[in-house]
Structures are given as C-alpha cells and as structure tokens.
Protein chains: 2
Amino acid sequence: MNSKNPTPAVTAKATISGAEQSLEPLKLGTRLRQFRKQRDWTLEEASRRTGLARSTLSKIENDQMSPTFDVVQKLVKGLEIDIPQLFTKSNLPQNIGRRALTRHGEGTPHPTATYEHELLCTEISNKRMIPFKSVIRARDITEFGELVRHNGEEFLYVLEGAMTFYSEFYEPVSLSAGDSLYYDSGMGHACVSTSPEDAVIIWISTPNSH
Amino acid sequence: MNSKNPTPAVTAKATISGAEQSLEPLKLGTRLRQFRKQRDWTLEEASRRTGLARSTLSKIENDQMSPTFDVVQKLVKGLEIDIPQLFTKSNLPQNIGRRALTRHGEGTPHPTATYEHELLCTEISNKRMIPFKSVIRARDITEFGELVRHNGEEFLYVLEGAMTFYSEFYEPVSLSAGDSLYYDSGMGHACVSTSPEDAVIIWISTPNSH
DNA sequence: GAAATAAGTTTCCTATAAGAAATATTTGAT
DNA sequence: ATCAAATATTTCTTATAGGAAACTTATTTC
C-alpha cells in the first residue's frame with residue numbers, strides 16, 4: 001500500500017483487540033476525505049473524476065449533507081474505492097495483526113454423519129475464510145439426503161486418499177492426493193471417499209453472507 | 001436460504017459464464033425487493049424495521065428515486081443485509097455454479113526469489129480466495145528485504161517439511177507438517193524453510209480490497 | 001510582505017428525496 | 001363473483017440535495 005515501511009525487525013507482541021461490531025453512524029465524509037487525500041487529489045481533481053461539483057464534494061466531506069445513492073456510486077467509481085471498504089467501519093479496526101495457530105491434530109473436532117471435520121484456527125472469529133481438515137466418511141452419494149448448499153465459495157485440497165466430488169451442475173469428478181478444487185458452494189455438492197482408507201482433505205469455506 | 005430445493009440427482013453440465021466486471025447502473029431497487037421478499041416482509045414491516053416511510057420504500061424498490069446515503073444505511077441495518085452482498089452485482093450473476101479443478105502439479109507456476117508458488121484453480125477469476133501451493137525457498141529472514149504486507153487475511157497449512165513464520169507483531173513460530181496458521185496479512189510476514197528439504201505449504205489468501 | 005494563484009467553503013437557486021395521506025391494487029375469505 | 005382486509009403505489013407538500021458562482025482561506029511567486 002504505502003511504500004515507507006522499513007519493518008526489518010520482528011518484535012513486539014501483538015495487541016489483539018476483541019471483536020467489535022458496533023453500529024456507529026459511520027463518518028462517510030471523513031472517510032472520503034481520507035481517500036482523496038491519500039491519492040493527493042484536490043477537490044477540483046476529484047470533481048473532474050467523479051463528475052460532481054466541487055461544492056457538493058466539499059459538503060459531503062464535511063458531513064453537511066447525505067449524498068444520494070447514485071452520487072455515492074459516482075464517488076466510488078471516480079475515487080476508485082470499493083464499496084465494502086467504504087462501509088466497513090474504519091480501515092484497520094479490530095483485526096489488525098491477529099494470528100492463530102493450530103498444531104497438527106489439535107483442531108476442534110466437529111463430526112457429522114458424512115464428514116469428520118476438524119476446525120482450524122478457531123480462536124479468532126470473524127474470519128474471511130473458515131479452514132478445516134476433514135476426513136470423508138461417506139462412501140456413497142446416497143448417504144446425503146440432498147446435496148449441501150450454502151452461499152459462498154469453497155476450496156479443497158486432497159491430502160490423502162481418493163474421493164469423488166458430486167455436484168449439482170457437473171458430472172462427478174474423481175480427485176486424489178494433491179488435486180484441488182474451487183467451486184461455488186451455493187451449488188449443491190457432496191464428497192465421498194473412494195480409496196481404501198477414508199480420504200482426508202483441507203477445506204476452506206467463505207463465511208456465508210446470509 | 002429458501003427451503004424448496006429437491007435436487008437429489010446430479011445432472012446437467014454447467015454453463016460457466018466468463019468473468020464480467022461491467023459497470024452497470026446497479027439495480028438497487030430490484031435488489032432490495034428481492035431481499036425483502038426473501039424474508040417475507042411487507043413494506044409495512046420493512047418500514048417498521050428501517051424507520052422509513054412505506055412510500056419511500058416503495059419508490060426506492062421501483063427505482064423511482066435514488067435514496068440518500070443515510071437512508072441506504074437504515075435499509076442495510078433494518079433489512080439485515082450486508083453491504084458487499086448488496087453491491088456486488090446481483091446475487092447469482094456470473095458466479096453461479098462455477099467450478100475449477102487443478103490436478104496435482106498442474107497449477108500455474110509463479111516463482112519468486114523466496115517462494116516457488118503454484119497457483120491453483122486459476123481458470124476462474126474474481127474468487128473470494130486465492131489458493132496456491134508453495135515451496136518455501138528462503139532459508140533466512142534476511143532474504144526478505146522487508147516483511148511482506150498486503151491487506152487481507154491468509155491461511156496456511158504445512159504439507160511437508162518444517163518452517164518458521166516471522167511476523168511483525170509476534171515472536172517467530174516454528175511449524176511442521178500438519179500445522180496450520182491463520183493471520184492478518186496486513187501485518188508484515190515471511191516464511192523460511194527449516195527442514196533439510198524445502199517446506200511445502202498450502203496457502204490461501206483473500207483478495208486485497210486495495 | 002504583497003500580489004497572484006490555487007484550494008476549499010458558503011450562498012443561492014432549482015431539482016428532487018422523504019414522509020403523510022389518499023388512492024389503487026392485490027389477496028383471501030364467504 | 002362480492003366484499004373486506006391487507007398490501008402496494010401515487011399524490012401532494014416540505015425538507016434537503018446538488019450545481020453555479022461568489023466568497024474565503026491557504027499557497028506560491030515575485
């Protein structure tokens with residue numbers, strides 16, 4: 001991002017702040033000013049890029065008015081900021097510098113009828129990815145009442161054994177150790193082991209946004 | 001999400017549409033209506049929850065006006081929708097049912113001075129996670145001019161060998177096969193191999209929102 | 001340090017967003 | 001089908017957003 005970060009040494013323990021989910025009014029104006037300044041743009045420049053009047057921009061930045069949605073869109077386009085960033089309270093709120101380690105076999109067990117999950121790195125929450133290691137117990141697609149589906153995306157990497165990935169829109173595909181797969185988990189899906197030993201995979205899921 | 005999805009069989013090949021990043025006006029209204037209907041709420045109900053007038057909601061949903069920013073915020077809060085979801089163009093636009101498979105060793109090579117990356121599942125873009133498999137060539141922290149940092153989060157799982165994870169806010173930590181680590185990648189970080197053979201890891205990164 | 005230029009703010013006006021109430025439409029009973 | 005209740009849309013009014021230009025406040029330049 002910004003270029004002046006010496007940071008050669010590795011020091012200081014982290015100060016991990018707890019997860020905060022407050023509902024503050026969200027200072028849009030201040031935020032926008034940050035972005036503009038960051039890019040070293042003048043109001044004039046910003047006006048040129050967004051197609052909005054200097055005065056309008058000024059008022060917005062000073063929280064003297066609430067822009068309409070299409071103005072917000074012009075802002076976002078023109079100032080090249082992405083919206084989530086705009087809405088998410090502050091840039092580096094709670095998650096700065098946090099870290100979680102899980103030793104081999106030390107994850108949180110979470111067995112189901114068809115999978116034997118081991119949740120990894122659970123001590124931090126609000127993650128953008130949910131990692132786990134799973135033993136695939138299922139041996140036949142019929143063991144799943146219906147295919148699993150939940151909004152989001154998933155990635156899996158086969159650690160041991162062999163398995164078949166069934167999904168709603170594709171033919172079943174066989175995977176073995178070292179193969180990987182990325183898919184939309186909103187599409188119905190299920191895994192079954194095909195090797196003598198149950199297959200073991202690393203599975204990463206994005207948290208479902210509803 | 002909605003409950004009536006029989007989907008027992010596994011049929012039909014997918015129609016994977018290409019990555020589209022168009023700059024459409026973004027049908028906010030239609031979108032909102034979707035959300036409201038999904039929850040089976042009446043305009044009255046929505047009005048109660050958001051504190052906005054029924055009429056206002058109606059007009060917004062019918063794209064008859066562009067709501068102000070603070071109204072948008074009330075909507076987001078009241079209708080319990082999260083923003084990325086709202087702004088990311090349509091819920092099931094292009095990404096529905098897409099899938100990518102990468103066979104063992106068939107990823108896209110991407111060598112650097114310190115790592116030997118193999119990008120996985122690259123044929124689909126706009127992913128919410130970027131997976132790769134990496135051989136850690138670095139043998140000493142000094143090989144990194146300065147620690148790597150980029151907004152987002154990362155997860156890694158050690159496949160083979162042993163390594164040490166250096167970071168800005170923590171003491172170095174040693175990992176070996178089977179261990180996993182989740183961290184904020186905005187915090188400076190770097191990996192070095194410590195085993196006779198170079199360590200190999202699965203690495204998943206979230207795309208940097210700037 | 002004064003004049004000139006550039007950056008930011010305020011004023012004023014017109015277009016439009018937001019709420020209240022009236023009207024229209026849909027849904028569901030009998 | 002008919003009526004009634006519920007739900008959605010339209011009208012009407014007022015409060016306010018957004019642009020043009022005047023004004024004020026930094027920054028240069030000489």
Side-chain angles (χ1 to χ4, degrees), chain A residues 2 4 23-83 85-87 89 91 210, chain B residues 1-4 23-83 85-87 89-91:
Chain A
N2 61 7
K4 36 191 165 185
L23 19 138
E24 35 149 339
L26 181 57
K27 277 288 190 185
L28 174 65
T30 337
R31 206 57 165 297
L32 279 173
R33 178 150 288 173
Q34 279 177 16
F35 281 114
R36 183 171 62 81
K37 292 290 189 189
Q38 219 166 68
R39 262 144 255 204
D40 242 300
W41 287 343
T42 157
L43 277 183
E44 179 61 36
E45 177 75 16
S47 163
R48 213 180 45 66
R49 288 180 183 264
T50 56
L52 297 165
R54 283 201 312 291
S55 53
T56 307
L57 292 170
S58 169
K59 284 179 238 168
I60 296 174
E61 291 193 350
N62 293 317
D63 292 309
Q64 285 171 16
M65 60 176 233
S66 174
T68 51
F69 185 72
D70 44 279
V71 164
V72 172
Q73 288 192 94
K74 285 184 191 168
L75 282 170
V76 164
K77 286 244 179 69
L79 300 190
E80 296 168 18
I81 62 194
D82 65 8
I83 303 114
Q85 202 174 352
L86 223 189
F87 283 76
K89 29 223 89 180
N91 235 342
H210 261 158
Chain B
M1 197 186 257
N2 60 10
S3 45
K4 37 190 165 189
L23 16 139
E24 36 149 338
L26 183 57
K27 277 290 190 182
L28 174 65
T30 336
R31 205 59 162 297
L32 279 172
R33 175 147 292 174
Q34 279 177 16
F35 280 113
R36 183 171 63 81
K37 292 290 189 189
Q38 220 165 69
R39 259 143 259 203
D40 243 300
W41 287 343
T42 158
L43 277 183
E44 179 62 37
E45 178 76 16
S47 164
R48 212 181 44 67
R49 287 179 185 263
T50 56
L52 297 165
R54 284 202 311 289
S55 53
T56 307
L57 292 170
S58 169
K59 285 179 235 165
I60 296 173
E61 290 193 351
N62 292 319
D63 292 309
Q64 284 171 18
M65 61 176 234
S66 174
T68 51
F69 186 73
D70 43 280
V71 164
V72 172
Q73 288 192 93
K74 285 184 190 169
L75 281 170
V76 165
K77 286 245 181 69
L79 302 190
E80 297 168 20
I81 60 193
D82 67 6
I83 304 105
Q85 203 176 350
L86 217 193
F87 287 80
K89 26 223 89 180
S90 85
N91 229 345

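What you see is a predicted model; the values in this text were computed from it and never measured. The chains referred to below are lettered A, B, ... by the order of the sequence lines, with proteins before strands, and numbering in each begins at 1.
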Just how far is it from atom CG of L57(A) to atom CZ of R49(A), taken to the nearest 0.5 Å?
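Between L57(A) CG and R49(A) CZ, I get 12.5 Å after rounding to 0.5 Å.
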
Measure from the side-chain N and O atoms of S47(A) to the backbone N and O of L52(A), and report whether any donor-acceptor pair falls under 3.5 Å.
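Yes, because the side chain of S47(A) sits within donor-acceptor range (under 3.5 Å) of the backbone of L52(A).
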
Could you tell me which non-hydrogen atom of P67(B) sits nearest to which non-hydrogen atom of I60(B), and how far apart they are?
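Closest approach of P67(B) to I60(B), heavy atoms only: CB-CD1, 3.7 Å.
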
Looking at every non-hydrogen atom in both residues, tell me the closest pair between R33(B) and N62(B) and how far apart they are.
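R33(B) and N62(B) have their closest heavy atoms at NH1-OD1, 3.4 Å.
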
Considering the terminal five base pairs at each end of the helix from dG1(C)-dC30(D) to dT30(C)-dA1(D), what angle separates the two local helix axes, rounded to 10°?
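Taking five pairs per end, the axes differ by 40°.
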
Could you tell me whether the side chain of [Y] reaches within less than 4.5 Å of the side chain of [X], counting heavy atoms only?
{"X": "E45(A)", "Y": "T42(A)", "answer": "yes"}
{"X": "T50(B)", "Y": "T56(B)", "answer": "no"}
{"X": "L43(A)", "Y": "R36(A)", "answer": "yes"}

Between R48(A) and E44(A), is there a salt bridge with N-O shorter than 4.0 Å?
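Salt bridge: no.
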
At under 4.0 Å between heavy atoms, how does the protein contact nucleotides 8-19 of chain D? Give one character per nucleotide, 5' to 3', with B, S or -.
SBBB-----SBB

L57(B) CG to dA20(C) C1': how many Å, rounded?
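The distance from CG of L57(B) to C1' of dA20(C) comes to 14 Å, rounded to the nearest Å.
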
